[in-house]
Amino acid sequence: RRRRAQDNRRRKSCGGVRGRKETGSNQQSLRDVTKNLRACGKRKAPSSAVDLLVSLGRDHGIEPDARAASTCIAACIAGRDLDMAEKVFEQVFEGGVCEPDEIAVVELVKGYLTIGRENVPLWQKATSLCAKMTNEYGITRTAVTYNVLLQCCANTNDFERAEEIIDTMYDEEVAPSPETFKAVEK
């Protein structure tokens with residue numbers, strides 16, 4: 001019974017096949033769709049990315065994993081469609097299809113900070129999602145999350161907020177990465 005519960009949790013957090021045992025061909029389909037999702041991001045084609053993500057279930061009976069959903073969100077952000085990115089996040093992660101990872105959260109945070117509303121960063125939404133990442137999803141923030149926040153601070157000359165973020169990194173004992181130094185070298 002415990003093993004079955006562990007398998008179900010793993011399947012839920014790693015993408016799974018509805019009603020069927022996972023197979024190599026299903027995992028290959030998931031990888032292929034994720035690769036095509038990346039191409040949608042490069043083309044800045046959010047609608048195509050969402051269609052691909054939906055096709056996983058419709059055409060293959062496969063639930064998306066966090067990587068595929070994150071890649072779809074990134075494609076939405078690249079296409080500057082924040083509303084669509086939020087809908088994907090809500091449907092996949094808050095809808096219980098699979099558990100988010102740090103990258104999924106960071107992709108949406110990037111959208112809040114780079115697209116925002118009328119090109120003004122949505123700090124309240126970004127910080128709220130970062131808090132939810134830790135408090136509800138149990139994801140430990142790493143330098144990846146903080147780098148996105150710091151990059152926005154650098155781009156908007158918000159040095160006071162950058163200092164607060166660096167202090168939080170220090171308090172949470174998050175080691176800076178080379179990207180952290182690039183983000184704050186301005």
Side-chain angles (χ1 to χ4, degrees), residues 9 12-15 34 37-38 40-41 44 46-47 49-50 53-54 63-177 179-186:
R9 278 194 303 273
K12 192 166 193 161
S13 67
C14 298
T34 302
L37 286 166
R38 276 194 288 282
C40 289
K44 299 179 179 167
S47 294
V50 171
L53 193 67
V54 169
E63 292 180 337
D65 64 358
R67 178 179 283 172
S70 299
T71 307
C72 184
I73 292 167
C76 293
I77 299 304
R80 302 193 60 77
D81 194 333
L82 183 57
D83 292 332
M84 194 174 292
E86 286 180 310
K87 286 177 187 169
V88 170
F89 192 92
E90 289 168 6
Q91 291 290 316
V92 175
F93 299 121
E94 293 178 0
V97 175
C98 70
E99 294 292 320
D101 59 10
E102 183 180 23
I103 300 303
V105 173
V106 166
E107 290 299 338
L108 189 52
V109 167
K110 279 183 199 175
Y112 289 144
L113 298 178
T114 58
I115 299 170
R117 293 284 177 247
E118 299 174 16
N119 292 320
V120 175
L122 298 172
W123 278 104
Q124 179 64 36
K125 281 191 162 194
T127 55
S128 175
L129 185 56
C130 286
K132 190 175 189 177
M133 175 173 85
T134 302
N135 299 333
E136 289 185 33
Y137 301 129
I139 301 169
T140 303
R141 287 180 279 203
T142 68
V144 171
T145 301
Y146 289 107
N147 292 345
V148 169
L149 300 173
L150 289 168
Q151 187 61 56
C152 182
C153 291
N155 292 344
T156 59
N157 295 319
D158 191 346
F159 303 114
E160 187 175 315
R161 189 183 312 261
E163 281 184 33
E164 291 171 11
I165 293 168
I166 291 169
D167 288 345
T168 302
M169 281 181 76
Y170 180 79
D171 292 344
E172 293 181 6
E173 299 178 355
V174 175
S177 68
E179 290 79 19
T180 308
F181 295 112
K182 285 181 190 175
V184 296
E185 70 183 8
K186 186 176 184 181

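One is the number of the first residue; the rest follow in order along the sequence.
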Identify the heavy atoms of [X] and [Y] that sit nearest to each other, and give their distance.
X	Y	value
Glu94	Tyr137	CG-OH, 3.3 Å
Val174	Ala143	CG1-N, 3.4 Å
Val92	Ala69	CG1-CB, 3.7 Å
Ala66	Cys98	N-SG, 3.6 Å
Leu37	Ala49	CD2-O, 3.1 Å
Pro46	Met84	O-SD, 3.6 Å

Would you compute the distance between atom [atom1] of [X] and atom [atom2] of [Y] and round it to the nearest 0.5 angstrom?
X	Y	atom1	atom2	value
Leu129	Phe89	CG	CZ	5.0 Å
Ile103	Thr142	CD1	OG1	7.0 Å
Thr114	Arg80	OG1	CZ	6.0 Å
Glu172	Thr134	CD	OG1	6.5 Å
Cys130	Tyr146	SG	OH	7.5 Å
Leu82	Lys87	CG	NZ	11.0 Å

ask   = In a check of side chain to side chain contact (heavy atoms under 4.5 Å, CB included) between Val105 and each of Met133, Lys132, Lys110, which one passes?
value =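 The residue from Met133, Lys132, Lys110 that satisfies side chain to side chain contact (heavy atoms under 4.5 Å, CB included) with Val105 turns out to be Met133.
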query = Are more than 12 heavy atoms from other residues, nucleotides or ligands located less than 6.0 Å from atom CD of Glu163?
reply =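 Check fails, neighbour count at 12 or below.
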Side chain Glu179, main chain Asn147, donor-acceptor under 3.5 Å =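 Side chain of Glu179 to backbone of Asn147, a donor-acceptor pair under 3.5 Å: no, none is there.
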task = Ignoring hydrogens and angles, tell me if any N or O in the side chain of Thr180 forms a donor-acceptor pair with the backbone of Ser177 under 3.5 Å.
result =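 Between the backbone of Ser177 and the side chain of Thr180 there is a qualifying donor-acceptor contact (under 3.5 Å).
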message = What verdict does the side-chain contact (heavy atoms from CB on, under 4.5 Å) test give for Leu122 and Arg117, after you've listed the backbone C-alpha separation in whole Å, the side-chain angles of each residue and the deciding distance to 0.1 Å?
response = CA-CA 7 Å; Leu122 298 172; Arg117 293 284 177 247; 3.7 Å; yes
query = Between the side chains of Gln151 and Asn155, is a donor N or O closer than 3.5 angstrom to an acceptor N or O?
reply =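 Indeed, the side chains of Gln151 and Asn155 share at least one donor-acceptor pair under 3.5 Å.
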message = The test is side-chain contact (heavy atoms from CB on, under 4.5 Å); show your working for Thr145 and Val109 and say whether it passes.
response = CA-CA 8 Å; Thr145 301; Val109 167; 5.9 Å; no
ask   = Are any non-hydrogen side-chain atoms of Thr156 and Arg161 less than 4.5 angstrom apart?
value =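 No, too far: nothing below the 4.5 Å cut-off.
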key: Min side-chain heavy-atom separation Leu108-Phe93 under 4.5 Å   =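 Side-chain contact under 4.5 Å: no.
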request  = Decide yes or no on side-chain contact (heavy atoms from CB on, under 4.5 Å) for Val50 and Cys72, but give the supporting numbers first.
outcome  = CA-CA 6 Å; Val50 171; Cys72 184; 3.9 Å; yes
message = If you apply the rule side-chain contact (heavy atoms from CB on, under 4.5 Å), what do you find for Cys152 with Tyr112, and how did you get there?
response = CA-CA 10 Å; Cys152 182; Tyr112 289 144; over 6 Å; no
